[in-house]
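What you are looking at is a predicted structure, and each value in this text was computed from that prediction instead of being measured.
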Amino acid sequence: MGSDNRFGNLPKIGIRPTIDGRLGGVRESLEEQTMGMAKRAAKYLEDNLRHPDGSQVKCIIAETCIGGVAEAAAAAELFRREGVGVSLTVTPCWCYGSETIDMDPLMPKAIWGFNGTERPGAVYLAAALAGHNQKGIPAFSIYGHDVQDSNDESIPADVREKLLRFARAGLAQAIMRGKSYLAMGAVSMGIAGSIVDAGFFEEFLGMRCEFVDMSEFTRRINEGIFDPDEFKKALEWTREHCREGKDYNPPDNQTSREGKDRDWDFVVKMALIARDLMVGNPKLTKIGYGEEALGHNAIAAGFQGQRQWTDHFPNGDFMEAILCSSFDWDGIRQPYMLATENDSLNAVVMLFGHLLTGAAQVFSDVRTYWSPDAVKRVTGHALEGDAANGFIHLINSGPSALDGSGQQSIAGKPAMKPWWDITEEEARKCLDNTTWGPAVGGYFRGGGFSSTFRTVGQMPITMSRVNIIKGLGPVLQIAEGNTIELPDEVHRILDERTDPSWPTTWFVPRLTGEGAFRDVYSVMANWGANHGAFTYGHIGADLITLASILRIPVCMHNVDPEKIFRPSAWSAFGMDAEGSDYRACQNYGPLYK
């Protein structure tokens, strides 16, 4: 089990204990309480957070309490030296507002003001937030619902929730900064997301875009620019663990055994090469390819495939699916974020989901809304239970991580776990529940294989998508819901109306009775593109917090309003939460403009 160093030096959380700076009895009486609050916050965060590579999140506490600008500057210098990417200010008391705040405009920041009556921590919180808002440096407000006694060292549940939500989103933003999106190829079949918008990545995510032609794959295959020992190991593992599935091609258009073996050889090499292009491979230096060994510093990528590649060469489905999964020939390891058809905007939400959860992500077409009447007409089956209002068919060839089969479990229920919690047995079950049928020639003239699995039901998932709107910029869509299972015969009939050689997930979004979530049909009708990505769990609130840090407005969601957590300044932009989100994002503009 392991992870490469694709994320480099991971950001830390900086803890800033601010204090009333008046010496001569006031400050001295507060030093121990204030620093204790910082230490408790640091311990809680370190105990409950991991980076997406599985390592523990580290906190750096300012060397002294911060009573004024000199100590604030000293803390800022310490944070720069230590690689801090997220700032949390804590205080149980009044402090000097704008003299003690964190002024770094790129660092996500929050203030936890202790809700106690002995000292006015809430007054400092309000004063400091006013300073942030007046200076145009938004910050999150954390304030417990119930009054605590001054000697109460517990962290209330509502404060804990906000601390984690802020920290997860802030760390995600900090990790993305300076990394790359790698486009392998160009535009696929006119799909807008594959028209890679470098300005979006640079201004909103702090990432750069790298581009390579797909001919780089043929060069590396023909010239042997991959680790030959790893290739031998990977091919043997693939033959043992990746079962071939049904060939849906007409008999006169089916590939021979010899041809299939050639395709397996080819697609395994593609997987090695795509990974090496993304993150590099020091072993390439030993065989004389030092430049190729470096990679492109990419934490997300996309492969064009269709059609210029797939009309002639085996498709990228194996490469995409196995890299996106949490295991391969090296055992359990951190998944890669690799989008099919070079859909960079779907790669972005795959990256968001992985950074927030540490789990693999599933890329899908948002392909079909099945109404109860349509299901009844086609199959004779009457929908009931969770499916009573219909469902959406999520299906696509390519990077549906095998984790999406739902063969892992948390508390006895199906799940897609953070990769470091997956057992060898769970990885094997995902492989055992996946087959690899020869690619359907109508789509993929060059051959290859497509992964096939059926996601189990009753798994909570969150589907999301970024779209770019001319004149508006990027917007985020979020739909929380659950997977469902259909009776076998109903599944077969519906699945075979499209391409049954691809992975299928039957999805029911949670309805609110309003707007895009008044019914399942409206969710499908309001989805902004042909693709979406889903992650395990209901993480819509975390996505909303991250979007507010990145200044990306949320145009569609079904998240409980009580869970929505945005910087305090957002409330000044109007009384309707979603309208104020748009206005705030427009006012502040891209984070890296």
Closest heavy-atom contact between [X] and [Y]?
X: Ala360; Y: Cys324; result: CB-O, 3.4 Å
X: Arg510; Y: Phe517; result: O-CD2, 3.6 Å
X: Cys95; Y: Thr100; result: CB-OG1, 4.4 Å
X: Asp20; Y: Cys93; result: N-SG, 3.7 Å
X: Asn115; Y: Gly144; result: ND2-O, 3.0 Å
X: Tyr44; Y: Leu164; result: OH-CD1, 3.3 Å

Is a side-chain donor-acceptor pair under 3.5 Å present for [Y] with [X]?
X: Glu210; Y: Ser180; result: no
X: Gln408; Y: Asp421; result: no
X: Ser522; Y: Asp519; result: yes

Side-chain ([X]) to main-chain ([Y]) donor-acceptor, under 3.5 angstrom:
X: Asn297; Y: Gly178; value: yes
X: His531; Y: Asp365; value: no
X: His557; Y: Ala479; value: no
X: Thr462; Y: Ile539; value: yes
X: His296; Y: Ala298; value: no
X: Thr34; Y: Glu31; value: no
X: Ser400; Y: Phe363; value: yes
X: Glu341; Y: Gly193; value: no
X: Gln477; Y: Asn526; value: yes
X: Thr545; Y: Ala541; value: yes

Side-chain heavy atoms of [X] within contact of [Y], under 4.5 Å:
X: Pro156; Y: His145; answer: no
X: Asp403; Y: Tyr536; answer: no
X: Pro11; Y: Arg177; answer: no
X: Tyr181; Y: Val348; answer: no
X: Met556; Y: Ile478; answer: no
X: Pro418; Y: Thr357; answer: no
X: Phe507; Y: Ser364; answer: no
X: Thr89; Y: Lys109; answer: no

For [X], look at atom [atom1] and say whether over 12 heavy atoms of other residues, nucleotides or ligands are found less than 6.0 Å away.
X: Phe211; atom1: CZ; answer: yes
X: Arg40; atom1: CZ; answer: yes
X: Glu562; atom1: CD; answer: no
X: Gln134; atom1: CD; answer: no
X: Glu28; atom1: CD; answer: yes

Could you state the interatomic distance from [atom1] ([X]) to [atom2] ([Y]), rounded to the nearest 0.5 Å?
X: Ser548; Y: Leu543; atom1: OG; atom2: CG; answer: 11.0 Å
X: Cys555; Y: Leu472; atom1: SG; atom2: CG; answer: 8.5 Å
X: Phe391; Y: Asp386; atom1: CZ; atom2: CG; answer: 12.0 Å
X: Met463; Y: Gln361; atom1: CE; atom2: CD; answer: 13.5 Å
X: His51; Y: Lys58; atom1: NE2; atom2: NZ; answer: 9.0 Å
X: Leu550; Y: Leu476; atom1: CG; atom2: CG; answer: 9.5 Å

query: So Trp112 and Met37, side-chain contact (heavy atoms from CB on, under 4.5 Å) or not? Walk me through it.
result: CA-CA 10 Å; Trp112 173 23; Met37 188 176 176; 3.4 Å; yes

field: Identified side chain to side chain contact (heavy atoms under 4.5 Å, CB included) partner of Val508 from the options Ile461, Thr483, Ile484
entry: Ile484

query: With respect to Asp581, which candidate in Val554, Asp576, Ile552, Ile564 satisfies the side chain to side chain contact (heavy atoms under 4.5 Å, CB included) definition?
result: Val554

- prompt: Step by step, would you call Phe140 with Phe565 a ring-ring contact (aromatic ring centres under 6.0 Å, His included)?
  reply: CA-CA 8 Å; Phe140 290 82; Phe565 190 36; 5.1 Å; yes

task: Check whether the ring centres of Trp570 and Tyr588 lie less than 6.0 Å apart, and answer yes or no.
output: yes

query: side-chain contact (heavy atoms from CB on, under 4.5 Å) between Arg22 and Trp94: does it pass, once the steps are laid out?
result: CA-CA 11 Å; Arg22 289 173 286 197; Trp94 165 253; 3.8 Å; yes

message: Let's go through Glu46 and Lys43 carefully: what are the C-alpha distance in whole Å and the side-chain angles of both, what is the deciding distance for salt bridge (charged side-chain N to carboxylate O under 4.0 Å, His left out) to 0.1 Å, and is it a yes or a no?
response: CA-CA 5 Å; Glu46 289 184 345; Lys43 184 178 188 307; over 6 Å; no

- request: Show the numbers, then the answer: is there a side-chain contact (heavy atoms from CB on, under 4.5 Å) between Ile175 and Leu10?
  value: CA-CA 7 Å; Ile175 289 171; Leu10 288 160; 4.0 Å; yes

task: Could you please spell out the steps behind the side-chain contact (heavy atoms from CB on, under 4.5 Å) verdict for Thr535 and Leu356?
output: CA-CA 10 Å; Thr535 188; Leu356 292 169; over 6 Å; no

task: Using a strict cut-off of less than 4.0 Å between a Lys/Arg side-chain nitrogen and an Asp/Glu carboxylate oxygen, indicate whether Asp343 and Arg465 qualify as a salt bridge.
output: yes

